[in-house]
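Source: prediction; values computed, not measured. All ligand and atom numbering here is 1-based and tracks the order in the structure.
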Amino acid sequence: MAEIRVENLHKSFAAFTAVRDSTFIVPDGDFFCLLGPSGCGKTTTLRMIAGLELPTSGRILLGGEDVTFKRASQRDIAFVFQLFALYPHMNVRTNIAYPLRSQAMLRDDVNRRVDEAARILRITHLLDRSVSGLSSGDRQRVALGRAIVREPLAFLLDEPLGALDAEFRDVMCGELRALHDRLKATTVYVTHDQLEAMAMADTIALMNQGMVEQLGTPQDIYDRPASLFVADFIGSPPMNFLPFPGRVAPGDRTVRVNNVDIALPEIREGTEDAELVLGVRPEHIELSDDSSLRAEVIDAEYLGTTQIVTLSMTAGASVKARIPASIHVQPGEHTGLSFQPGLLSLFDRASGRALRTALHDESTHG
Ligand code: ATP
């Protein structure tokens, strides 16, 4: 297995820039997710790592070797796509064995590797079946088997679960992570689905318009979003944003929103801008009659153990709070809101950048 190093990677298609100045390291054995909205450059980045697309500039190193200008076939990497293209006229065993047969490997060695891959993926009983009658989950396992048998330096997966229905996707997420824990293979996984990335990744690179907006563990990215974009993309419902006029100075521990002082983790950098945004996740809001930050309940969505309550604040902003379902709320009711101070984020509105706070200093990535 091997580390993948991406340095100042840039890709333009005529006048359009799909990937700009992307730099990151996928540590040896890491499960690394390229996450972001449609069109942000995830697949293009993956295709450059695979050798299916040449970068406009920048370098790619695989296990310390510069492979930037090597063909896909010269890179010891296995690729699994969303549309798992299996050979319909071959059975499962022949499909899985295909990459080894094309390397002219001895028949006994091929059989040994195919049997081992099938055992890991729990499809031994399907080996003699035709692929055409298989369920989509089993077809995906066969596609993974074809990648595993090669024992490559790294796996690249592009939305491999995208064609599966939601329930089965959850199962396959668990299986893929378990497979990774067993093989400990360096893996780069492309998805637009934050839940998949949060569930499986050791490291997430969240991309936006061709750039890596934040690099970190799922918890870093959730707890300490580097920008408004990240805070908005991750979390369901997403973080609430309360814009307010104001400046902060290093050492400040409060901000004044709607004439109410709100406690924050200590601010480590000041700003000249007069527009700030306070970010609070729905689960970090409590309804409390003691608070002078007032709001009216608009509606409540019951989710079993919790409920999502939509509240309208005096300045016209609305927020969503995730609170226990056992708390009774009524549309039209007025209540106070309190926020857990250690978990608030503060952003500069113009740049969208998070201002550094004591909370951010706990971060080890990005
Ligand atoms: P999606 O999941 O929708 O594919 P993505 O993040 O993987 O999103 P890419 O496929 O990397 O995005 O595409 C990034 C941008 O580059 C898109 O706007 C896409 O239209 C453009 N693009 C990709 N390949 C080409 C190409 N060969 N020629 C021109 N533009 C391209």
Pairs in or reaching into residues 331-341: which pass side-chain hydrogen bond (donor to acceptor under 3.5 Å, both in side chains), with residues at least two apart or in two chains? none
Candidate pair Tyr189 and Phe31, rule ring pair (Phe, Tyr, Trp, His ring centres under 6.0 Å), full reasoning: CA-CA 7 Å; Tyr189 185 102; Phe31 197 120; 5.6 Å; yes
If the criterion is any heavy atom closer than 4.0 Å to an atom of ligand 1, which residues make the list? Phe13, Phe16, Ala18, Pro37, Ser38, Gly39, Cys40, Gly41, Lys42, Thr43, Thr44
Carefully, step by step, assess Phe244 and Leu278 under the rule side chain to side chain contact (heavy atoms under 4.5 Å, CB included). CA-CA 8 Å; Phe244 65 98; Leu278 183 71; 4.0 Å; yes
Under the criterion salt bridge (Lys or Arg N to Asp or Glu O under 4.0 Å), which of Arg75, Arg5, Arg59 is the partner of Asp66? Arg59
With sequence neighbours left out, the residues meeting ring pair (Phe, Tyr, Trp, His ring centres under 6.0 Å) with Phe79 are Phe81
Would you mind listing every side-chain hydrogen bond (donor to acceptor under 3.5 Å, both in side chains) that reaches into residues 288-300, with sequence neighbours excluded? Asp299-Thr310
